[in-house]
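First up is the structure itself, then whatever we jot down about it.
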Amino acid sequence: GGEPPTREEREAALRETIARLSDDADEPQTVAAALVAIRKDLRGSPDGPAAVVKTYLQMSPGFADLLSLWDAHHLNNAQRVGVPLLALLADMLRVKPAAAAEAQGFVHLQLDGVARALCQRRMRAVYSHLTSGVRTRHNAGLTLLAAIAGRNAALAWEVFRAFDFSLKELPVLATPRGAVGDKNKKSKSSSSKRLLTSNATSNGTSNVDDISLPSRHVFVAFALALLESGDKTLTRPVL
């Protein structure tokens, strides 16, 4: 029962959650819960994902909170804090400008800026997720890279140039899990493949959570993000 919350009430609740990222920065459990809650908001907000990103950036320009949490928790809480943090950043980076003028606005200039900074300064931390042997961490790293590459052709090039394609774990990530499986598994995998395709092509976020998919699907989405950048010169080196 009761009336659904108004836009103002939703924003006030979101601001409270965002404040927890700095107020409780040294509490991994609280921070992780706040990251998950913001991501849930971003994916389900009636006001649209861009409104959630805008509210976040008004409170934490330059993604300062998320980047300092990354630094603080990367070593000891890579799974508990790192995975929801990378997943939230990826969902934020998937928010694309609706029009050319919007691309030059406050929100999108900051999104492009953080995407570039991640490529230039945080690839080693992303590799530690990709080489961790933990599926959700693999997926968090791959999803983040796919989201950066999917923003525009210039950022796809940044990812391509920065990424170490010789990582020995890559063939493992690209291999189907339990390549021989029963029919159930097969139908399940083809349905998540369909979901993945719709996820990769839709603007913004979809209902599918990449973190819970098999890593191979997320790896394919990463490769597709590079190929779909619209930059023909990228196609040959990626393939």
Side-chain angles (χ1 to χ4, degrees), residues 21 25-40 42-43 63-95 111 113-151 155-156 158-177 192 196 199-200 205-206 208-226 238:
L21 297 180
D26 49 358
E27 297 286 339
Q29 215 159 340
T30 309
V31 163
L35 292 166
V36 169
I38 296 166
R39 186 170 181 235
K40 190 177 170 191
L42 184 118
R43 291 181 149 238
F63 295 87
D65 283 353
L66 290 181
L67 297 178
S68 71
L69 285 172
W70 184 330
D71 292 336
H73 292 284
H74 179 66
L75 286 178
N76 297 325
N77 296 294
Q79 171 89 25
R80 186 192 278 183
V81 175
V83 169
L85 193 152
L86 267 63
L88 173 59
L89 268 174
D91 277 355
M92 287 178 161
L93 287 162
R94 282 203 187 102
V95 176
L111 282 166
V114 80
R116 210 162 286 115
L118 293 172
C119 284
Q120 290 163 0
R121 294 196 283 279
R122 290 180 186 259
M123 288 305 269
R124 192 175 293 173
V126 172
Y127 295 149
S128 78
H129 286 287
L130 298 183
T131 58
S132 65
V134 180
R135 183 176 58 88
T136 52
R137 290 185 61 190
H138 298 160
N139 291 358
L142 289 168
T143 298
L144 182 66
L145 294 172
I148 295 170
R151 282 196 68 71
L155 283 165
E158 289 266 354
V159 173
F160 179 71
R161 273 202 303 263
F163 190 72
D164 178 5
F165 285 93
S166 68
L167 277 182
K168 68 179 193 302
E169 282 77 9
L170 285 190
V172 180
L173 297 180
T175 307
R177 222 176 6 164
S192 40
L196 184 66
N199 194 21
T205 58
S206 93
V208 185
D209 188 354
D210 290 350
I211 304 302
S212 60
L213 288 173
S215 290
R216 178 172 186 256
H217 294 190
V218 191
F219 182 79
V220 168
F222 165 49
L224 280 175
L226 292 171
V238 170

Establish, from distance only, whether the side-chain atoms of S128 and H74 form a donor-acceptor pair under 3.5 Å.
-> yes

Can you tell if the side chain of V218 reaches within under 4.5 Å of the side chain of H138, non-hydrogen atoms only?
-> no

Approximate separation, where rounding is to 0.5 Å, of L130 CG and R137 CZ = 9.5 Å

Passes salt bridge (Lys or Arg N to Asp or Glu O under 4.0 Å), D71 versus R122? Steps please.
-> CA-CA 10 Å; D71 292 336; R122 290 180 186 259; 2.9 Å; yes

Side chains of R216 and L173: closer than 4.5 Å at any heavy-atom pair?
-> no

How about M92 and F63: do any of their side-chain heavy atoms sit closer than 4.5 Å?
-> yes

With side chains defined as the heavy atoms from C-beta onward, is the minimum distance between L35 and L66 less than 4.5 Å?
-> yes

Rounded distance [0.5 Å steps], CG in L67 versus CG in L89 | 6.5 Å

Is a salt bridge present between K40 and D209, judged by a nitrogen-to-oxygen distance below 4.0 Å?
-> no

Measure the spacing between CG of L213 and CZ of R135 and express it to the nearest 0.5 Å.
-> 8.0 Å

Enclosure of E169 CD (heavy-atom neighbours >12, cutoff 6.0 Å) | yes

Are the side chains of L118 and L93 in touch, meaning some heavy atoms are under 4.5 Å apart?
-> yes

4.5 Å side-chain heavy-atom contact, E158 and I148 = no

Can you find a heavy atom in the side chain of T131 that is under 4.5 Å from one in the side chain of K168?
-> no

For atom CZ of R124, is the number of surrounding heavy atoms from other residues, nucleotides or ligands below 6.0 Å larger than 12?
-> no

Please tell me if the side chains of F222 and F163 come closer than 4.5 Å, counting only heavy atoms from C-beta onward.
-> yes

